[in-house]
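Each chain gets a letter, A, B and so on, in the order the sequences are listed, and its residues count up from 1.
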Protein chains: 2
Amino acid sequence: MFSIGELSKRTKVKVPTIRYYEEMGLLPEAERTAGNQRRYDKAGLERLSFIRHARDLGFSIEAISSLIELQNHPDRSCEAATDIASSQLADVRAKIKRLRTLEKELSRISKGCDGEGVSEDCYVLASLADHNLCDHEH
Amino acid sequence: MFSIGELSKRTKVKVPTIRYYEEMGLLPEAERTAGNQRRYDKAGLERLSFIRHARDLGFSIEAISSLIELQNHPDRSCEAATDIASSQLADVRAKIKRLRTLEKELSRISKGCDGEGVSEDCYVLASLADHNLCDHEH
DNA sequence: TATACAGTCTCTAGTAACTAGAGGTTCAAG
DNA sequence: CTTGAACCTCTAGTTACTAGAGACTGTATA
């Protein structure tokens, strides 16, 4: 049995965040000492590691709740879990695509002022003001 | 002179968002009719288009404030604006990098349950529970 | 000119996923 | 037994909006 601070150290999840997860129902209510402090065991550690890892991968709290829900009902859980993971993957791919477009435009914009040439007016500001300077939509 | 709804239609920025931008100081306080309704002109339209475009590119409200500030003090504005754009670019690139890592792991995870083989336990859940299944850090 | 009704106004509260701080209590080491 | 770090709850703040209540305005039509 260890304290919330200990759990925090081991999982790299901040103390207030752990309490927040408990409040959100991601973690079961922790056992308490006589003095009302939370105590955790190995199961708690594993559960929080699971959550941490899923959060790192960008799963929302809601998605993680569903995954935990599935763990408790192992029938058909694999398909449903795969669905959640796939949709997360689609999400990530969409974000990457969008960011690549932005990257192109931003690198074009911020190259504008480098060196000589375009210094009459600020190219950055002009680019942002006039969308026609883009070669694509958004 | 046109109404906030008209401005909204032309810029694709929602009405409450326009009011929000005004409150945040991104837009100057709009002129009002006798009946207290906002009225805009071409300048307002351009300013909001600028903001919209910058937001689309992922600039924060704060960064946009700085850019607007710079427009009002054209001395040295170009360098400072380029700095803001470059840092935005660095940000975008970092995000892309991170997302690529996630993409790899997620695609590995969600492939797990496809077809035959690993169906004893759910591979998705196992992967999330056990970080050792990853071949990288995060 | 009267009326209907879409559009507008302000204000408050809610969203996601935390983070920070106040003010008070408990645990463990010396 | 005393100290002080760690813990407790509660409230409020963060970002960039979005939603809703309840009241007022502007304009098109009869």
Side-chain angles (χ1 to χ4, degrees), chain A residues 1-27 29-40 44 47-48 50-68 84 87-88 91-92 95 98 102 138, chain B residues 1-27 29-41 44 47-48 50-68 84 87-88 91-92 95 98 102:
Chain A
M1 298 299 261
F2 38 85
S3 70
I4 196 169
E6 191 54 33
L7 183 64
S8 168
K9 239 174 258 160
R10 296 201 201 183
T11 56
K12 319 269 188 238
V13 175
K14 286 180 193 151
V15 168
T17 305
I18 297 173
R19 291 198 274 249
Y20 171 75
Y21 287 160
E22 180 182 316
E23 203 188 353
M24 293 299 101
L26 288 193
L27 290 172
E29 298 201 358
E31 284 177 52
R32 303 289 184 124
T33 63
N36 199 34
Q37 299 194 354
R38 291 170 180 83
R39 283 301 112 103
Y40 299 90
R47 174 85 158 248
L48 184 54
F50 173 92
I51 295 169
R52 164 90 215 264
H53 191 185
R55 285 294 299 132
D56 274 351
L57 290 171
F59 287 86
S60 68
I61 297 274
E62 207 192 333
I64 297 172
S65 282
S66 309
L67 290 171
I68 288 174
I84 293 174
S87 112
Q88 184 61 25
D91 223 74
V92 166
K95 274 184 196 149
R98 180 170 158 73
L102 300 189
H138 50 221
Chain B
M1 296 301 260
F2 39 85
S3 71
I4 196 168
E6 190 55 31
L7 183 63
S8 168
K9 238 174 259 160
R10 295 200 200 183
T11 56
K12 319 267 188 239
V13 175
K14 285 178 194 151
V15 168
T17 304
I18 297 173
R19 292 198 273 250
Y20 171 75
Y21 286 160
E22 180 181 316
E23 203 188 352
M24 293 298 101
L26 289 192
L27 291 172
E29 298 201 359
E31 284 176 55
R32 302 289 184 126
T33 62
N36 201 35
Q37 298 194 353
R38 291 170 179 82
R39 284 300 112 104
Y40 298 90
D41 58 7
R47 175 84 157 247
L48 185 54
F50 173 92
I51 295 169
R52 163 93 217 262
H53 190 185
R55 285 294 298 134
D56 274 350
L57 290 172
F59 287 85
S60 68
I61 297 275
E62 207 193 332
I64 297 172
S65 283
S66 308
L67 290 171
I68 288 173
I84 293 174
S87 110
Q88 184 61 24
D91 222 75
V92 166
K95 274 184 196 149
R98 181 170 158 73
L102 301 188

How long is the span from the [atom1] atom in [X] to the [atom2] atom in [Y], to the nearest 0.5 Å?
{"X": "B:Phe59", "Y": "B:Ser65", "atom1": "CZ", "atom2": "OG", "answer": "13.0 Å"}
{"X": "A:Leu26", "Y": "A:Leu48", "atom1": "CG", "atom2": "CG", "answer": "9.5 Å"}
{"X": "B:His53", "Y": "B:Ile64", "atom1": "NE2", "atom2": "CD1", "answer": "10.5 Å"}
{"X": "B:Ile84", "Y": "B:Glu62", "atom1": "CD1", "atom2": "CD", "answer": "9.5 Å"}

### Query
Using the C1' atoms of the five pairs at each end, what is the angle between the end axes of the helix from C:dT1-D:dA30 to C:dG30-D:dC1, to 10°?
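Angle reported: 0°, given to the nearest ten degrees.
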### Task
Can you sort out the partners of A:Ser8 under side chain to side chain contact (heavy atoms under 4.5 Å, CB included), two or more places apart, ordered by chain and number?
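Testing A:Ser8 for side chain to side chain contact (heavy atoms under 4.5 Å, CB included), a comparison that skips the adjacent residues, returns A:Val15, A:Ile18.
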### Query
Can you name the residues that form a side chain to side chain contact (heavy atoms under 4.5 Å, CB included) with B:Met24, not counting sequence neighbours?
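Checked B:Met24 against side chain to side chain contact (heavy atoms under 4.5 Å, CB included); matches are B:Tyr20.
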Under the side chain to side chain donor-acceptor pair (under 3.5 Å) test, which residues partner [X], sequence neighbours left out?
{"X": "A:Glu22", "answer": "A:Arg38"}
{"X": "B:Arg39", "answer": "B:Gln37"}
{"X": "B:Asp41", "answer": "none"}

For [X] and [Y], work out which heavy atoms get closest and say how close.
{"X": "B:Arg19", "Y": "B:Ile4", "result": "CG-CD1, 3.6 Å"}
{"X": "A:Leu7", "Y": "A:Thr11", "result": "O-OG1, 2.8 Å"}
{"X": "A:Leu27", "Y": "A:Arg47", "result": "CD2-CG, 3.5 Å"}
{"X": "B:Leu67", "Y": "B:Phe50", "result": "CB-CZ, 4.1 Å"}
{"X": "A:Leu57", "Y": "A:Gln88", "result": "O-NE2, 3.3 Å"}
{"X": "B:Asp56", "Y": "A:Arg98", "result": "O-NH2, 2.8 Å"}

### Query
OP1 or OP2 of C:dT10 less than 4.0 angstrom from a side-chain nitrogen or oxygen of B:Arg38, does that happen here?
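The answer is yes; a side-chain N or O of B:Arg38 sits under 4.0 Å from OP1 or OP2.
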### Query
Which pairs, with at least one residue in residues 6-17 of chain B and sequence neighbours excluded, count as a salt bridge (Lys or Arg N to Asp or Glu O under 4.0 Å)?
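Matches after skipping sequence neighbours: B:Glu6-B:Arg10.
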### Task
Heavy atoms of chain B, cut-off under 4.0 Å: which first and last nucleotide of DNA chain D, 5' to 3', fall inside that, if you could look?
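Nucleotide range with atoms under 4.0 Å of chain B: D:dA16 to D:dG26.
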### Task
Give the rounded distance in Å between these two atoms: NZ of B:Lys14 and C1' of C:dC9.
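The answer, rounded to whole Å, is 20 Å.
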Would you tabulate the pairs of protein nitrogen or oxygen atoms and nucleotide nitrogen or oxygen atoms of nucleotides 27-30 of chain C closer than 3.5 angstrom?
| unit_1 | atom_1 | unit_2 | atom_2 | d |
| --- | --- | --- | --- | --- |
| C:dC27 | OP1 | A:Thr33 | OG1 | 2.9 |
| C:dC27 | OP1 | A:Gly35 | N | 3.0 |

N/O to N/O distances under 3.5 Å, protein versus nucleotides 4-6 of chain C:
none

### Task
May I ask you to test the A:Tyr21-A:Val13 pair for a side-chain heavy-atom distance under 4.5 Å?
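They are in contact (side-chain heavy atoms under 4.5 Å apart), so the answer is yes.
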### Query
Quick one, which residues of residues 18-26 of chain B touch DNA chain D with a heavy atom under 4.0 Å?
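When residues 18-26 of chain B is checked for heavy atoms under 4.0 Å from DNA chain D, the hits, listed by number, are B:Tyr20, B:Tyr21.
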#### Entry: Nucleic acid contacts - residues 2-13 of chain A versus DNA chain D, non-hydrogen atoms under 4.0 Å
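The stretch gives A:Ser3, A:Ile4, A:Gly5 as the residues lying under 4.0 Å from the strand, ordered by number.
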